[in-house]
Amino acid sequence: MSISSETRGPSRGLQFFILASTLLVVGFGSGAATVSLSAILQEFALSYALIGAVTSGVFLFLIVFLALGGRLRAVVGDKPFLLTATSVFVIGETLGGLAPDFSVWAIGRLLQGAATGSLLSVSLAFAADNARRQWRSDAISILLALYFLGAAVGPGVAGYVTAFYSWRDIAFASAALGVIVLILQAAFVTTPRRAEIETVFD
């Protein structure tokens with residue numbers, strides 16, 4: 001994703017912050033979902049085998065869309081791909097929170113996996129496209145670190161919320177955070193011509 005040197009509205013730093021916040025939120029959703037599994041298993045009277053199959057499916061969707069992210073960006077464009085993937089994440093979390101049965105919950109989780117892979121792909125591409133060569137690895141490392149920070153914090157928060165409230169509240173909270181970053185993306189992330197790429201998030 002490219003940052004315009006001509007557009008003086010959104011700064012490069014702000015746009016990088018928005019992408020980093022997006023991965024933090026997505027990582028939080030992914031981590032929180034793992035703690036909710038025991039409560040979901042009891043509520044829907046599921047077998048461990050079925051829960052395991054869905055969890056494997058989520059990771060497979062993540063891997064597939066992470067691998068296909070570059071091709072999808074080329075087809076639909078950077079910003080449309082970013083906004084679509086974030087919207088899919090919000091839809092997946094909302095379906096998970098509202099799920100009346102296992103099938104709806106499973107669809108929501110699979111959508112979340114696809115969105116996570118897509119957002120990792122587009123965010124890392126953003127860093128690769130915009131960072132100066134000597135800072136590129138640092139930018140990518142920060143984005144990955146924030147994703148895993150969210151994944152690390154998510155289970156702790158989810159455990160507390162599940163103990164005193166409901167696992168559905170975790171999904172709704174993740175969806176709400178997703179809406180916030182989606183609005184920020186739509187308002188501040190720009191995608192100018194490739195010829196305008198030359199600097200970093202400074």
Side-chain angles (χ1 to χ4, degrees), residues 1-31 33 58 61-96 108-131 135-136 138-151 154 173-202:
M1 185 175 303
S2 313
I3 302 297
S4 174
S5 60
E6 297 175 1
T7 301
R8 297 304 179 185
S11 69
R12 298 185 185 95
L14 174 60
Q15 294 183 69
F16 182 72
F17 171 79
I18 291 169
L19 267 292
S21 298
T22 299
L23 289 189
L24 182 65
V25 168
V26 171
F28 173 84
S30 298
V58 171
F61 269 55
L62 188 157
I63 292 167
V64 168
F65 280 86
L66 178 60
L68 294 177
R71 178 60 56 186
L72 293 173
R73 288 173 59 230
V75 172
V76 304
D78 288 338
K79 186 167 182 176
F81 184 49
L82 172 68
L83 296 177
T84 299
T86 306
S87 298
V88 170
F89 172 80
V90 171
I91 292 170
E93 290 287 0
T94 303
L95 284 177
R109 288 289 291 132
L110 293 174
L111 289 176
Q112 183 185 358
T116 299
S118 299
L119 288 169
L120 280 168
S121 176
V122 72
S123 298
L124 297 179
F126 176 96
D129 284 350
N130 289 276
W135 293 349
R136 190 172 299 159
D138 292 333
I140 292 174
S141 296
I142 290 171
L143 290 175
L144 286 174
L146 286 171
Y147 170 77
F148 286 109
L149 175 62
S174 296
L177 292 172
V179 170
I180 292 172
V181 295
L182 179 62
I183 293 171
L184 293 174
Q185 291 166 4
F188 298 111
V189 175
T190 58
T191 54
R193 298 184 302 275
R194 287 289 173 192
E196 294 171 350
I197 301 176
E198 60 179 6
T199 55
V200 72
F201 319 109
D202 55 7

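What you see is a predicted model; the values in this text were computed from it and never measured.
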Trainee: At what distance, to the nearest 0.5 angstrom, does CD1 of I91 lie from CG of L111?
Mentor: 7.5 Å

Trainee: What verdict does the side chain to side chain contact (heavy atoms under 4.5 Å, CB included) test give for F89 and V25, after you've listed the backbone C-alpha separation in whole Å, the side-chain angles of each residue and the deciding distance to 0.1 Å?
Mentor: CA-CA 10 Å; F89 172 80; V25 168; 4.0 Å; yes

Trainee: Which distance, rounded to the nearest 0.5 Å, do you find between the CG of L66 and the CG of L119?
Mentor: 10.5 Å

Trainee: CZ/F126 to CG/L19 distance, rounded to the nearest 0.5 angstrom?
Mentor: 5.0 Å

Trainee: Could you grab the distance from atom CG of L182 to atom CD1 of I18, nearest 0.5 Å is fine?
Mentor: 11.0 Å

Trainee: Using every non-hydrogen atom in the two residues, find where L146 and L24 come nearest and quote the distance to one decimal.
Mentor: O-CD1, 3.3 Å

Trainee: With a 4.5 Å limit on heavy-atom distance, are the side chains of Y147 and T116 in contact?
Mentor: yes

Trainee: To the nearest 0.5 Å, tell me how far T22 OG1 sits from L82 CG.
Mentor: 6.0 Å

Trainee: Hey, does the side chain of S121 reach the backbone of G117 with a donor-acceptor pair shorter than 3.5 angstrom?
Mentor: no

Trainee: Any chance you could measure F17, atom CZ, to F188, atom CZ, to the nearest 0.5 Å?
Mentor: 11.0 Å

Trainee: Heavy atoms only: give me the nearest L23-L143 pair and the separation to one decimal.
Mentor: CD1-O, 3.6 Å

Trainee: Looking at every heavy atom in both V58 and L110, which two are closest together, and how far apart are they?
Mentor: N-CD2, 3.7 Å

Trainee: Of all heavy-atom pairs between S174 and G29, which one has the smallest distance, and what is that distance?
Mentor: OG-CA, 3.7 Å

Trainee: Please check if the side chain of K79 supplies one atom and the backbone of T190 the other of a donor-acceptor pair under 3.5 Å.
Mentor: no

Trainee: Do you know the tightest heavy-atom contact between A175 and T94?
Mentor: CB-OG1, 3.6 Å

Trainee: I need the minimum non-hydrogen distance between A85 and S118, along with the two atoms involved.
Mentor: CB-CB, 3.7 Å

Trainee: Set out, in order, the CA-CA distance, both residues' side-chain angles and the distance that settles side chain to side chain contact (heavy atoms under 4.5 Å, CB included) for V26 and T86, then state yes or no.
Mentor: CA-CA 9 Å; V26 171; T86 306; over 6 Å; no

